[in-house]
*Asks:* 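Handing you a structure now.
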Number of protein chains: 2
Amino acid sequence: MPIDAISRIRRFNRAVTAAVGALDTSFLGRGRPLGAARVLNAIGHGRGDVATLRDYLGLDSGLTSRLLRGLEEEGLVVTLPHPSDARRRVAALTEAGRKEFSAYEALSNGQAADLMARFPRGDDLLRAMDLVATAFGREGIAIEEADPRSDAAVHCLTEYYAELGRRLSTGFDVALSRDPEAADMMRPRGAFLVAVSDGLPVGCVGLKGKGGEVAEIKRLWVCPSARGLGLARRLMEAAEAAARDLGITTLRLDSNSALTEALQLYRRTGWIEIERFNDDPYPDFFFEKRM
Amino acid sequence: MPIDAISRIRRFNRAVTAAVGALDTSFLGRGRPLGAARVLNAIGHGRGDVATLRDYLGLDSGLTSRLLRGLEEEGLVVTLPHPSDARRRVAALTEAGRKEFSAYEALSNGQAADLMARFPRGDDLLRAMDLVATAFGREGIAIEEADPRSDAAVHCLTEYYAELGRRLSTGFDVALSRDPEAADMMRPRGAFLVAVSDGLPVGCVGLKGKGGEVAEIKRLWVCPSARGLGLARRLMEAAEAAARDLGITTLRLDSNSALTEALQLYRRTGWIEIERFNDDPYPDFFFEKRM
DNA sequence: ACACATTGCTGACTTAAGTCAGACATATGC
DNA sequence: GCATATGTCTGACTTAAGTCAGCAATGTGT
């Protein structure tokens with residue numbers, strides 16, 4: 001019985017094929033073949049344009065057409081010509097279609113909830129699933145600008161504060177730190193960037209400006225499941241690009257000696273240590289970078 | 001953008017469906033439909049008995065038969081009557097079949113190796129995959145008797161020693177501890193039990209006897225990815241059952257105060273603390289259970 | 001205005017997978 | 001020894017999925 005990496009991966013494949021297979025056939029639970037269900041769900045998720053649909057699901061033009069006709073006959077979908085190009089067609093859900101779509105969503109959610117309820121170590125499982133999903137799909141991590149008050153940003157910041165609390169010997173209390181105003185981290189003064197892997201926010205960085213030529217980097221965080229992939233570096237590069245775009249010439253940041261991997265990154269990417277420039281109680285390292 | 005458990009699970013499903021789907025179609029890479037390839041692989045993995053095959057792959061009797069005929073026509077498989085029951089049939093690979101089977105194995109291994117090479121955090125990924133696979137298939141954890149020198153047992157023991165080294169403040173050196181003779185943990189004197197989840201050993205326990213009515217429980221270990229599932233308790237129950245079977249009436253064990261969850265388990269399952277009964281340098285807790 | 005490209009659609013076809021009923025040989029219990 | 005159960009096989013059928021060629025409508029460049 002070999003216990004090498006390869007047999008472990010293959011064990012994983014077997015386990016997941018079975019589980020995901022069960023998920024696939026569950027789509028049959030509503031009396032509709034998988035193909036039709038996939039089309040219905042894609043439309044429900046906003047991919048109504050027939051060409052987009054084909055592309056997303058990887059289907060042949062003829063097959064797509066037939067599946068759409070089937071859903072039309074069921075009264076779940078209507079297709080209308082595209083407003084600006086009459087060759088193209090756009091599919092949309094009818095009232096009945098929306099109902100059926102929600103039924104699939106509920107089914108899918110229920111299955112996920114079920115897994116959570118059955119496994120006594122939900123948190124560990126979720127973390128492991130995040131890591132696997134990130135590893136499998138990591139080409140797809142995109143960096144996007146977001147409102148620092150958006151769900152994605154708040155999720156990252158909450159995790160960031162929690163991690164500071166664990167790692168700083170003093171603990172961490174947001175109220176004592178200078179929590180930047182949202183407007184300082186949005187255009188035109190600054191920016192807030194979120195790294196997203198297939199819908200899950202996995203990292204963030206804030207650029208806090210005051211309208212002048214100096215700005216601060218704040219809140220650099222990468223979720224544990226996405227570490228080791230060079231994402232922090234990508235986030236910093238994106239933040240610097242945004243700074244250049246805003247006409248900023250000098251960047252500063254503060255950090256803490258407990259955050260060793262962050263300090264290492266700064267030192268390796270052209271930041272130089274400077275004197276303390278604020279009276280925030282938590283940081284004990286201060287850096288600057290001129291661009 | 002919701003970041004709840006359910007959307008995380010669904011993200012995982014998407015990532016894995018894509019990856020495993022690619023793996024599935026790769027089976028077509030050798031010009032044979034998935035069904036036939038699955039049968040060939042199952043036979044290669046020792047499931048030649050036609051009934052076993054059907055059961056394992058979840059196929060209809062007729063379909064199985066047809067797929068076997070197909071493989072026979074290709075010259076990859078021969079079916080012979082079962083030696084003890086002429087109604088049953090057993091399929092076996094021919095020389096060409098074995099070659100084709102190894103080609104599939106190589107393909108599958110290559111894919112796994114590829115994943116490892118592409119992801120910079122192989123160890124973390126493997127651990128996460130183990131945990132997910134265990135969670136998905138945990139109904140299937142079987143407890144089996146094994147030779148303490150078998151691959152599976154050695155794997156568990158190695159992990160066990162490594163964990164002791166990390167957790168005991170003194171470290172742990174097998175050479176200083178009393179490493180039981182293999183024969184003491186095999187019938188008729190004792191037993192060695194391994195918990196196996198779809199081929200991966202995930203826990204073990206040894207019953208070390210000397211031929212008398214007293215025996216010791218040794219080497220209780222559960223791998224991190226399978227903790228929290230009550231497996232240690234199951235292993236202990238299986239060990240006690242084996243002891244009863246061997247006519248043993250008194251069980252003893254030693255442990256260390258650093259292994260808190262183990263001590264808790266012993267106290268909850270009828271073990272009572274006794275005086276030190278050996279001079280092994282590592283243990284500082286001693287228990288006994290009469291049956 | 002014309003040739004040509006693009007888009008979606010339809011009909012005819014193939015392959016894979018699976019279901020069902022019944023045939024046939026072999027085992028098992030009484 | 002006989003009725004019944006079990007295990008495998010075959011033939012006839014269905015469904016899902018996908019491919020391919022060609023058609024009709026619409027857009028684009030010259």
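Here is the naming used below: chain letters follow the sequence lines, and residue numbers restart at 1 for every chain.
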*Asks:* Find the distance A:Arg89:CZ to D:dA24:P and express it as a whole number of Å.
*Replies:* 17 Å

*Asks:* Tell me: CG of B:Leu53 to C1' of D:dT8, nearest whole Å?
*Replies:* 13 Å

*Asks:* Please list, in numerical order, the residues of residues 59-70 of chain B that have a heavy atom closer than 4.0 Å to any atom of DNA chain D.
*Replies:* B:Ser61, B:Gly62, B:Ser65, B:Arg66, B:Arg69

*Asks:* Tell me the interatomic distance from A:His82, atom NE2, to C:dG8, atom P, rounded to whole angstroms.
*Replies:* 9 Å

*Asks:* B:Arg88 side chain N/O closer than 4.0 Å to the phosphate oxygens (OP1, OP2) of D:dT6?
*Replies:* no

*Asks:* Nearest whole angstrom, please: distance from the C1' of C:dT28 to the CG of B:Asp85.
*Replies:* 10 Å

*Asks:* What I want to check is whether an N or O donor and acceptor connect the side chain of A:Arg87 with the base of C:dT6 at under 3.5 Å.
*Replies:* yes

*Asks:* Closest nucleotide of DNA chain D for A:Gly58 versus for B:Asp49: which of these residues is on the 5' side?
*Replies:* B:Asp49

*Asks:* Hey, which of A:Lys99, A:Arg69, A:Arg32 is the one that makes salt bridge (Lys or Arg N to Asp or Glu O under 4.0 Å) with A:Glu74?
*Replies:* A:Arg32

*Asks:* Salt-bridged, A:Asp130 to A:Arg127, with N to O below 4.0 Å?
*Replies:* no

*Asks:* Which angle, rounded to 10°, do you find between the first-five-pair axis and the last-five-pair axis of the helix from C:dA1-D:dT30 to C:dC30-D:dG1?
*Replies:* 20°

*Asks:* Once you round it to whole Å, what is the distance between C1' of C:dT7 and CG of A:Asp55?
*Replies:* 14 Å

*Asks:* Identify the two heavy atoms, one from A:Ala195 and one from A:Ile141, that lie closest to each other, and give their separation to 0.1 Å.
*Replies:* CB-CG2, 4.0 Å

*Asks:* Please check if the side chain of A:Asn41 supplies one atom and the backbone of A:Ala37 the other of a donor-acceptor pair under 3.5 Å.
*Replies:* yes

*Asks:* Show your working on side-chain hydrogen bond (donor to acceptor under 3.5 Å, both in side chains) between A:Tyr56 and A:Arg38 and close with a plain yes or no.
*Replies:* CA-CA 10 Å; A:Tyr56 177 64; A:Arg38 290 215 308 158; over 6 Å; no

*Asks:* When the distance from CG of A:Leu80 to P of C:dC9 is rounded to whole Å, what number comes out?
*Replies:* 12 Å

*Asks:* With a 4.0 Å cut-off on N to O distance, would you call B:Arg187 and B:Asp245 a salt bridge?
*Replies:* yes

*Asks:* Is the distance between the ring centroids of A:Phe101 and A:His45 less than 6.0 Å?
*Replies:* yes

*Asks:* Between the side chain of B:Thr94 and the main-chain N/O of B:Leu76, is any donor-acceptor distance below 3.5 Å?
*Replies:* yes

*Asks:* Taking atom C1' of C:dT10 as reference, at what distance in whole Å does atom CD of A:Glu72 sit?
*Replies:* 14 Å

*Asks:* Between A:Arg234 and A:Glu237, does any NZ, NE, NH1 or NH2 come within less than 4.0 Å of an OD or OE carboxylate oxygen?
*Replies:* no

*Asks:* Atom CG of B:Leu71 and atom P of C:dA17: how far apart are they, to the nearest Å?
*Replies:* 12 Å

